[in-house]
Amino acid sequence: MLRSTNEATNDLNLLGHPEDLIQLLTPAGDRVADPSYESWVADVTDEQLGSLYEDMVVARRIDTEATALQRQGQLGLWPPLLGQEAAQIGSARTLRTDDFVFSSYRENAVAYCRGVDLTDIVRVWRGTAASGWNPYDIGMATPAVIIGAQTLHATGYAIGCQKDGVDSVAIAYFGDGATSQGDVNEAMIFAASFKAPVVFFCQNNQWAISEPVGLQATRPIADRAPGFGIPSMRVDGNDVLAVMAATRIALDRARRGDGPTFIEAVTYRMGPHTTSDDPSRYVDPEVQQEWAAKDPIIRLERLLKATGLLADELVASVKAKADAVAKEMRDGCYGLEAPEALTVFDNVYATPHSWLERQKSQYAAYLASFEGEK
Amino acid sequence: MLRSTNEATNDLNLLGHPEDLIQLLTPAGDRVADPSYESWVADVTDEQLGSLYEDMVVARRIDTEATALQRQGQLGLWPPLLGQEAAQIGSARTLRTDDFVFSSYRENAVAYCRGVDLTDIVRVWRGTAASGWNPYDIGMATPAVIIGAQTLHATGYAIGCQKDGVDSVAIAYFGDGATSQGDVNEAMIFAASFKAPVVFFCQNNQWAISEPVGLQATRPIADRAPGFGIPSMRVDGNDVLAVMAATRIALDRARRGDGPTFIEAVTYRMGPHTTSDDPSRYVDPEVQQEWAAKDPIIRLERLLKATGLLADELVASVKAKADAVAKEMRDGCYGLEAPEALTVFDNVYATPHSWLERQKSQYAAYLASFEGEK
Amino acid sequence: MAQQSLSGAINTGLRRALADDPKVVLLGEDIGTLGGVFRVTDGLQKEFGTDRVMDTPLAEAGILGTAVGLAFRGYRPVVEIQFDGFIYPAFDQIVAQVAKLHYRTGGNVKMPITIRVPYGGGIGAVEHHSESPEAYFAHTAGLRVVTCSNPQDAHTMIRQAIACDDPVLFFEPKRRYWVKGEVNEDLDEQTVSMERAHTVQEGTDVTLVAYGPLVITARDAALAAADEGISVEVIDLRSLAPIDFAAVEASVRKTGRLVITHEASQYGGIGAEVAASITERCFYHLESAPARVTGFDVPYPAAKLEEHHLPDLDRILDAVDRVMGRENSLTGWSA
Amino acid sequence: MAQQSLSGAINTGLRRALADDPKVVLLGEDIGTLGGVFRVTDGLQKEFGTDRVMDTPLAEAGILGTAVGLAFRGYRPVVEIQFDGFIYPAFDQIVAQVAKLHYRTGGNVKMPITIRVPYGGGIGAVEHHSESPEAYFAHTAGLRVVTCSNPQDAHTMIRQAIACDDPVLFFEPKRRYWVKGEVNEDLDEQTVSMERAHTVQEGTDVTLVAYGPLVITARDAALAAADEGISVEVIDLRSLAPIDFAAVEASVRKTGRLVITHEASQYGGIGAEVAASITERCFYHLESAPARVTGFDVPYPAAKLEEHHLPDLDRILDAVDRVMGRENSLTGWSA
Ligand SMILES: Cc1ncc(C[n+]2csc(CCOP(=O)(O)OP(=O)(O)O)c2C)c(N)n1
Ligand SMILES: Cc1ncc(C[n+]2csc(CCOP(=O)(O)OP(=O)(O)O)c2C)c(N)n1
Ligand SMILES: [Mg+2]
Ligand SMILES: [Mg+2]
């Protein structure tokens with residue numbers, strides 16, 4: 001069950017030294033020839049390039065729409081993913097429906113790829129429910145807000161897949177800040193020991209609220225995993241093709257029974273941490289500008305233009321899709337009402353609970369005591 | 001405050017790739033010429049070699065004596081350090097009195113080097129006190145039983161030294177099993193971020209009770225630290241000179257302001273986990289034999305013999321010392337009585353506490369109610 | 001129907017659970033080859049394999065977090081925490097994840113995780129090996145907390161805990177591991193239920209509520225009290241969250257007096273909830289204020305002091321005298 | 001004497017502590033450049049430097065464990081836990097280390113660590129941002145637990161907490177951060193003490209015990225009760241461990257009735273200890289069973305449901321009617 005040092009070393013060679021950043025598409029929109037990775041996306045057709053473009057545009061639209069809804073007071077809070085579209089779409093689009101996602105709160109583009117009902121995306125942020133969706137419907141757990149906790153859940157789920165003898169994979173999404181949590185390190189240790197089919201997908205967006213990644217790590221985050229016996233890759237997180245390639249390599253290793261892989265997707269949080277954050281207190285506008293120039297959508301747009309794939313129909317259909325998605329989400333949001341009072345007692349337990357039933361019954365009596373009043 | 005990747009890399013080069021095992025004294029008792037490390041123990045005089053020998057013999061004697069006391073029912077429990085004398089003596093003897101040790105329960109040879117009162121070593125194991133000694137008297141915290149917790153304490157203490165502008169160093173002792181705990185990983189992260197003058201000294205004795213190190217780590221433990229930006233060394237833990245050299249390098253780096261260093265001392269737990277453990281259930285006798293051949297004391301004895309330093313006087317004085325120490329500890333142990341009942345309420349708080357005072361007063365009344373009875 | 005020790009009864013209960021349901025998996029430190037430091041899982045890895053009985057790396061948060069993932073995948077993880085004092089590194093995973101996931105997922109994801117915890121003192125151990133942390137978990141919505149006091153209950157209850165679709169903290173009174181008793185492995189819910197309190201002995205003057213390691217002590221105290229002409233009804237709670245208050249209430253309505261005992265610290269302990277709830281439910285039946293006989297509000301003390309810290313027969317009798325209005329250690333005491 | 005908001009009063013309290021004692025250091029996530037997500041540490045890093053006010057890596061156990069080491073070295077760390085729900089990863093360091101080290105070292109090593117925790121609900125937040133975990137710490141020997149309800153107390157108490165040689169959990173009612181009030185920075189121990197309960201309003205019929213965010217609600221309830229001819233005495237506990245029971249007892253001996261309210265879940269909460277202890281101390285002065293008005297025993301609910309979960313004026317008045325023996329929501333109710 002435990003892997004030998006040699007195997008691990010081979011894996012490391014296979015994946016190259018974590019420090020070089022994998023890139024297949026430059027900010028200028030040029031394809032990069034990289035033998036060890038481009039083969040993993042060689043099958044991506046022009047059409048699929050177009051749909052990746054659509055996904056990213058739609059994801060950004062969902063994000064800006066939700067941000068607007070929060071500004072209008074329709075949502076209590078929203079954690080923008082602005083700038084991280086390639087990291088999320090590129091990875092999530094490589095997953096199979098029988099794979100399972102354990103994410104944090106910012107992975108709404110991932111949820112979109114998993115086929116989430118758009119209304120479900122805003123449910124929790126509107127405060128009308130504890131849960132957005134049924135994890136088993138879309139193969140994605142409801143987000144973990146406790147930083148890092150979900151990485152262990154992904155590892156356990158992966159061990160379960162292993163026991164079931166299936167080649168499904170669990171993928172954990174987490175941030176650069178999360179890598180400081182004990183849970184994330186323990187997840188790597190458990191995953192390595194049991195050779196679990198799990199992918200650790202770290203979106204290094206340079207910030208943990210106001211804390212720069214340099215406070216969490218004094219070396220590239222991808223450097224850590226190898227020490228735990230987990231091969232890692234450091235990929236340009238704003239390059240949807242590179243992200244796809246890296247994720248496919250990781251998924252392939254997991255399905256082949258080679259165990260966990262760690263991916264550091266180097267990207268940037270272009271928006272505030274959440275709608276209640278004020279980045280002007282800590283973000284350097286110049287750095288922000290540098291990253292704006294590396295925008296994931298623009299670079300793919302440039303490629304599509306250059307290769308003549310950005311036909312008017314595509315532009316039009318993408319816009320139409322984005323509008324439709326935004327409208328569906330907005331309408332769904334408006335339709336979300338406060339739940340009935342006594343539902344506050346639901347789902348605490350799966351089986352009858354004498355104490356809670358008594359409490360519920362007493363509160364029902366309390367509510368009843370107001371009936372007839374004004 | 002944060003170190004750059006380059007610095008870290010240089011450190012790594014400086015310390016060599018963690019995987020090669022540093023050794024200056026072979027099991028056969030031959031000195032190994034290793035330019036990058038032998039210079040660090042070049043100043044060790046023949047006399048000092050003799051006292052290192054004495055320390056190890058005494059440490060083993062303390063250990064066997066305490067084990068005997070447990071067998072006789074004088075102690076409730078004892079965690080033998082048998083086989084780990086070189087790792088503990090070699091490292092602890094390089095410390096200054098103003099350095100501070102944060103250890104686990106097995107580091108009794110370290111406590112001996114710190115000048116602990118011999119009776120204090122057995123106090124806790126006899127169950128007569130919560131604490132063996134005053135940490136400030138010997139620059140060593142009372143042992144942490146919660147695996148890994150002390151590594152963070154050492155890091156915090158080191159940050160304190162940094163703030164005070166002194167070149168004192170904190171050293172954390174922990175085991176191979178401890179490296180799986182989130183706390184130990186967080187300690188490395190904090191130490192790296194704040195460049196704290198702390199030495200992480202891991203005694204890899206191959207076992208965490210019945211679990212082999214392979215369950216905790218699929219690669220050498222020393223491989224982990226570099227990923228966190230902490231240079232590491234992998235040293236023959238049964239070679240007192242190699243351990244000294246490695247520890248001195250680490251201490252020197254810390255004092256120079258270069259931050260934390262990780263040392264993996266590869267050794268073997270020759271005894272049971274504790275006196276209540278039954279290793280026959282999980283230890284392979286052959287492996288045990290292989291390690292017996294690498295005994296830390298025997299190899300130094302061979303060197304001393306070969307170099308004619310093992311004079312009869314030395315042998316005699318060492319034996320006398322060991323006998324004296326054992327006797328002092330044994331007598332001290334016998335002298336330890338159960339504390340007075342009401343002391344159970346002492347030291348819970350440093351300042352008056354109304355609730356606890358009431359509880360104490362009521363228990364005093366309860367005890368008084370028996371007075372006069374038979 | 002054979003004699004089994006309490007630890008042996010849990011072992012046979014685990015064996016039955018592993019045999020009956022392929023989704024049951026055991027996780028913990030040293031539970032495989034070694035069979036656990038208390039041998040509670042002895043022989044199970046040999047019988048069911050390393051896939052069903054897994055030794056894990058030394059990290060409690062890792063163990064619980066992994067169990068959560070296994071539960072997501074449809075497994076029923078049974079986790080062993082080696083000693084009571086080592087459960088805290090897993091506190092976040094237990095309180096923020098295990099306890100809340102069913103609620104968080106709108107009831108779609110079940111967390112049928114059983115967390116076995118050898119707990120309590122009286123074995124002369126060093127720090128962290130004798131604690132009673134049950135109140136932390138009883139105060140946490142989403143968790144169930146139970147504890148056993150004899151081999152029969154231990155066997156039946158561990159199987160009920162594993163079969164339960166909610167997460168269950170299963171506290172094992174380690175100092176009673178060696179107590180022997182008849183065990184019928186085929187008892188039904190009606191006879192022994194982890195949710196229902198058990199009246200160990202009937203009485204009419206005082207209701208004495210105990211659980212886990214102190215049930216035996218409480219029963220002995222009741223016998224001693226009888227000699228003094230006091231009829232004590234002893235109730236073994238079994239479930240600490242929720243507590244079977246209907247049973248305790250019925251008893252107190254009869255006796256009018258209540259004494260609660262546990263090893264855990266008193267301040268904010270289970271005893272406080274029992275006293276508060278029972279006072280709420282039958283205030284007008286109470287002849288005197290409920291009394292608590294518990295461990296002191298100190299870190300678990302050195303072995304040579306634990307005899308003072310732990311409630312014993314005399315301290316319980318003293319409280320019985322107090323609720324009976326007889327002379328006791330606090331007669332004439334003033335703060 | 002200037003008007004300060006509750007958060008501002010803590011900020012000035014921290015500033016004074018940093019200025020008065022060079023050993024005071026602040027540690028936490030986002031407390032430096034950002035000044036904390038609630039701006040409680042706003043400007044302090046600028047004023048005292050990164051050596052005194054440290055942004056730490058994102059790991060609560062790491063923060064507390066580091067604070068322990070700093071305390072060993074003679075520092076007085078003041079730690080900020082960003083939100084109540086994020087304290088659990090540090091639970092082991094707090095409960096097994098911070099709380100026990102003074103005891104473990106025979107009183108030789110002090111742990112003057114202050115753990116600041118913005119807590120409680122009412123701000124429409126998502127999960128883990130509205131919890132009230134005080135009972136876990138109150139049940140832990142070795143820790144002190146306090147909470148403030150107004151700017152003056154906030155300022156004086158945070159300084160007293162930092163000056164205290166014992167570890168102190170300092171719970172800050174986040175939904176009251178913006179409440180303004182007069183703050184005299186030079187008050188002495190006699191006037192405001194974190195150890196002594198404060199009688200917010202005198203009354204003769206019912207003693208209403210509250211703390212933190214609900215003190216304002218309790219006072220409003222008392223005013224409303226007055227209109228119904230019920231005289232309610234409102235007590236702000238301030239210290240939750242230990243509780244100033246002498247003050248509560250004196251009040252209940254006068255009123256004969258007790259209502260306790262807190263946002264935290266009821267089962268095993270602070271209210272249970274108050275009810276149990278007061279019943280023990282003045283059973284024969286009680287006219288009715290102490291009543292508890294608390295959050296439900298559920299994970300903190302979605303924002304749109306929190307109005308039901310949180311005790312409010314009406315629920316408190318309903319309990320006041322209950323202890324007064326007047327008609328109330330449970331009149332005629334049966335399980
Ligand atoms: C255990 C825990 N501590 C603190 C927080 C508060 N918090 C929420 S998000 C966040 C920063 C997370 O940064 P990162 O992991 O990089 O993810 P990102 O927000 O950048 O996507 C913090 C500190 C939390 N949610 N959980
Ligand atoms: C948090 C925690 N979990 C479990 C234990 C029980 N335990 C005591 S020692 C030990 C093994 C430790 O192994 P290692 O770190 O290698 O140190 P060694 O005993 O080999 O010196 C375990 C699991 C503990 N003390 N603390
Ligand atoms: Mg980030
Ligand atoms: Mg070991």
> Using non-hydrogen atoms only, which part of C:Ala246 is less than 4.5 Å away from chain D: side chain, backbone, both, or neither?
neither

> Checking heavy atoms, do the side chain of C:Arg104, its backbone, both or neither come under 4.5 Å from chain D?
side chain

> Chain D heavy atoms under 4.5 Å from C:Leu258: which part of the residue, side chain, backbone, both or neither?
neither

> Among D:Ala61, D:Gly269, D:Ser288, which residue has the highest count of heavy-atom pairs closer than 4.5 Å to chain C?
D:Ser288

> Parallel, tilted or perpendicular: which fits the ring planes of D:Tyr136 and C:Phe91, with parallel below 30° and perpendicular above 60°?
perpendicular

> Could you tell me which residues in residues 125-133 of chain D have at least one non-hydrogen atom under 4.5 Å from a non-hydrogen atom of chain C, sorted by residue number?
D:Glu127, D:His128, D:Glu131

> Using non-hydrogen atoms only, which part of C:Glu134 is less than 4.5 Å away from chain D: side chain, backbone, both, or neither?
neither

> Report which part of D:Ile87 has an atom under 4.5 Å of a heavy atom belonging to chain C: side chain, backbone, both, or neither.
neither

> If the contact rule is any heavy atom under 4.5 Å from chain C, which residues of residues 319-335 of chain D qualify, in numerical order?
none

> Pick one of side chain, backbone, both or neither for D:Tyr284, based on which atoms fall under 4.5 Å of a heavy atom in chain C.
side chain

> Using heavy-atom distances under 4.5 Å, tell me whether C:Ile243 contacts chain D through its side chain, its backbone, both, or neither.
both

> Spell out, as yes or no, whether a donor-acceptor pair under 3.5 Å connects the side chain of C:His139 to the backbone of D:Tyr267.
yes

> Please examine the side chains of D:Phe283 and C:Leu286, heavy atoms only from C-beta on, and report whether any two atoms are closer than 4.5 Å.
yes

> Non-hydrogen atoms of chain C under 4.5 Å away: do they reach the side chain of D:Ala90, the backbone, both or neither?
neither

> Return the option, out of D:Ile270, D:Thr140, D:Ile94, with the maximum number of heavy-atom pairs under 4.5 Å with chain C.
D:Thr140

